[in-house]
There are 4 protein chains.
Amino acid sequence: MEVMNMGGVSADQLRLIIDKIERLEEEKVQLGEHIKDVYSEAKAEGFDVKTIRTVVRMRKMKPEEMNEQEEMLEIYLSALGMRRSEQQEAS
Amino acid sequence: MEVMNMGGVSADQLRLIIDKIERLEEEKVQLGEHIKDVYSEAKAEGFDVKTIRTVVRMRKMKPEEMNEQEEMLEIYLSALGMRRSEQQEAS
Amino acid sequence: MEVMNMGGVSADQLRLIIDKIERLEEEKVQLGEHIKDVYSEAKAEGFDVKTIRTVVRMRKMKPEEMNEQEEMLEIYLSALGMRRSEQQEAS
Amino acid sequence: MEVMNMGGVSADQLRLIIDKIERLEEEKVQLGEHIKDVYSEAKAEGFDVKTIRTVVRMRKMKPEEMNEQEEMLEIYLSALGMRRSEQQEAS
DNA sequence: TGACAAAGCCCCTGTC
DNA sequence: GACAGGGGCTTTGTCA
């Protein structure tokens, strides 16, 4: 009964899957802690953590902004008087 | 140029659409905040917010779905020797 | 037993809370469907839904971008050669 | 100007920090995709992904926490007349 | 089915 | 030192 096959489900296979996931998630947690350490050190050296996070986020986002359906967007923004080059005059 | 028709797009109509969406989304945000308030009050009165969320989620599910979920979970836990009824003897 | 007080929890009060949450969530769903309708109509009239979504998102984000720790961010971006005005030449 | 020191901030050091974070986050993403693959394979072999997620989550919880959650839930469901054991008679 | 948006959960910071 | 509040990340559901 320890190793069973219930509802067509292989218990052994299930165990393997769950073990693997738990191992990978454990690594992921470690990585997360490592990242946190880097931020902590940065803070200790006088950097502003929040700003670094912002920079990292921006660098991630840039690529998708650049290729994305830019033309259509420009048309719509123009129609709304939100063209980027005019934005600061928008009051 | 303020009211233009570029690429077959009516700027005025576009404005109306976006205004309407923003108005509706604003209402939706308000509602979300209201819901959050209710949870906060509940918490202040000693209720466990997480459990209330679970209950609300369960009530959303059709009873059959809920049973399916439960049954499937039981099967998997059994396969792993984690059946709830046996749990306390597990250690 | 219908109206009970178990573990210091008032069943009646709990019912009220859950009813209220469910009512508010129902309204929220309605609103979401309404918004969806507006997008559908826009599409039927020849607008590009995805672009409208982008515009709406941009209009939401602008305010927070503008006030947010801008100076610090500029400093950091400069240090990395990512100053916004130089960005398009960055390639 | 490439290597500058603005506002007391070392550009080079900042670069190192951000590079390190991005490298670690990249690894974290890879790991996340790997985990997703495992789930996909499990699904392809007939397992129920959602249930596996539930099992993994349960195994992460300390047994006492798990019991607490369960007990609290039982209390709330009882208060609402939704106790599982009575459910099928409920209609 | 694959991407996109919304919701829930958790950590972290500021405050009392 | 604890706790409420906010922000970020992960996960879940939905739409094309």
Side-chain angles (χ1 to χ4, degrees), chain A residues 21 24-25 28-29 31-33 35-37 39-40 42-43 48-58 60-61 64-65 67-69, chain B residues 21 24-25 27-29 31-46 48-58 60-62 65 69, chain C residues 21-22 24-25 28-33 35-40 42-44 47-58 60-61 64-65 68-69, chain D residues 21 24-25 28-29 31-40 43-44 48-58 60-61 65 69:
Chain A
I21 290 169
L24 291 169
E25 290 207 338
K28 199 159 152 238
V29 168
L31 231 17
E33 286 168 359
I35 291 170
K36 203 192 298 182
D37 289 346
Y39 278 117
S40 297
K43 181 174 184 176
D48 183 78
V49 170
K50 187 171 181 180
T51 304
I52 294 182
R53 284 189 190 277
T54 302
V55 171
V56 170
R57 204 184 320 128
M58 285 177 66
K60 265 204 285 262
M61 280 166 27
E64 79 178 332
E65 273 185 351
N67 48 5
E68 201 181 349
Q69 30 138 312
Chain B
I21 290 169
L24 290 169
E25 290 207 339
E27 288 182 52
K28 198 159 153 238
V29 169
L31 231 18
E33 287 169 358
H34 195 160
I35 291 170
K36 202 196 295 185
D37 289 347
V38 175
Y39 277 116
S40 297
E41 290 164 23
K43 181 175 185 175
E45 283 156 2
D48 184 78
V49 168
K50 189 171 180 179
T51 303
I52 294 181
R53 284 188 191 277
T54 302
V55 171
V56 170
R57 204 183 320 127
M58 287 176 66
K60 268 206 278 263
M61 294 172 73
K62 298 240 175 279
E65 285 177 302
Q69 282 294 328
Chain C
I21 290 169
E22 290 182 338
L24 291 169
E25 290 205 339
K28 201 159 150 236
V29 168
Q30 302 291 349
L31 228 19
E33 287 169 357
I35 291 171
K36 200 194 301 179
D37 289 346
V38 175
Y39 277 117
S40 297
K43 181 175 186 176
F47 291 95
D48 185 78
V49 169
K50 186 169 181 181
T51 305
I52 294 182
R53 283 188 190 279
T54 302
V55 172
V56 170
R57 203 184 320 130
M58 285 177 66
K60 266 204 285 263
M61 282 169 24
E64 77 177 336
E65 275 184 350
E68 199 181 352
Q69 32 137 311
Chain D
I21 290 169
L24 291 169
E25 290 207 339
K28 199 161 154 235
V29 168
L31 228 19
E33 287 168 359
H34 196 159
I35 291 171
K36 203 195 297 185
D37 289 346
V38 176
Y39 277 116
S40 297
K43 181 175 185 176
D48 184 79
V49 169
K50 188 168 182 181
T51 303
I52 294 182
R53 283 189 190 279
T54 302
V55 171
V56 170
R57 203 182 320 126
M58 287 176 66
K60 267 205 278 263
M61 294 172 73
E65 286 178 300
Q69 280 296 327

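Every chain is numbered from 1 and lettered A, B, ... according to where its sequence line falls, protein lines coming before strand lines.
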Flag, side chain of Glu41(B) to backbone of Val38(B), donor-acceptor distance under 3.5 Å: no
Protein-nucleotide distance (Asp37(B), atom CG; dG6(F), atom C1'), rounded to Å: 15 Å
Sugar-phosphate, base or nothing in reach of Lys60(B), heavy atoms under 4.0 Å: nothing
Touch class at under 4.0 angstrom, heavy-atom based, for Arg53(B) against every strand present: sugar-phosphate
Pair Lys60(B) + Glu25(C): basic N to acidic O under 4.0 Å: yes
Separation of atom NZ in Lys36(B) from atom C1' in dG6(F), rounded to whole Å: 8 Å
Among dT12(F), dG8(F), dT10(F), the nucleotide that comes nearest once only the side chain of Arg57(D) is considered: dT12(F)
Side-chain N or O of Lys50(B) closer than 4.0 Å to phosphate OP1/OP2 of dC10(E): yes
Position toward the 5' end of DNA chain F (nearest nucleotide), Ser40(C) or Lys28(A): Lys28(A)
For atom OH of Tyr39(A) and atom P of dT13(E), their distance in whole Å: 12 Å
Whole angstrom value for the distance that separates P of dA4(F) from CD of Glu45(B): 14 Å
Distance in Å, Lys28(A) NZ paired with Ile21(A) CD1, rounded so as to fall on 0.5 Å steps: 11.5 Å
Nearest-Å distance for atom pair CE/P, residues Met61(D) and dC10(E): 9 Å
Atom pair distance, as rounded to whole Å: NZ in Lys43(D) and C1' in dT12(F): 13 Å
The single option from Val56(C), Val49(C), Thr51(C), Val55(C) passing side-chain contact (heavy atoms from CB on, under 4.5 Å) against Arg53(C): Val49(C)
Residue met sooner reading DNA chain F from 5', once Glu25(D) and Val49(C) are mapped to nucleotides: Glu25(D)
Rounded distance (nearest 0.5 Å) linking atom CG of Asp48(D) with atom NZ of Lys43(D): 9.0 Å
Separation of atom CD1 in Ile21(B) from atom P in dA6(E), rounded to whole Å: 11 Å
d(CD1, Ile35(D); P, dT12(F)) in whole Å: 13 Å
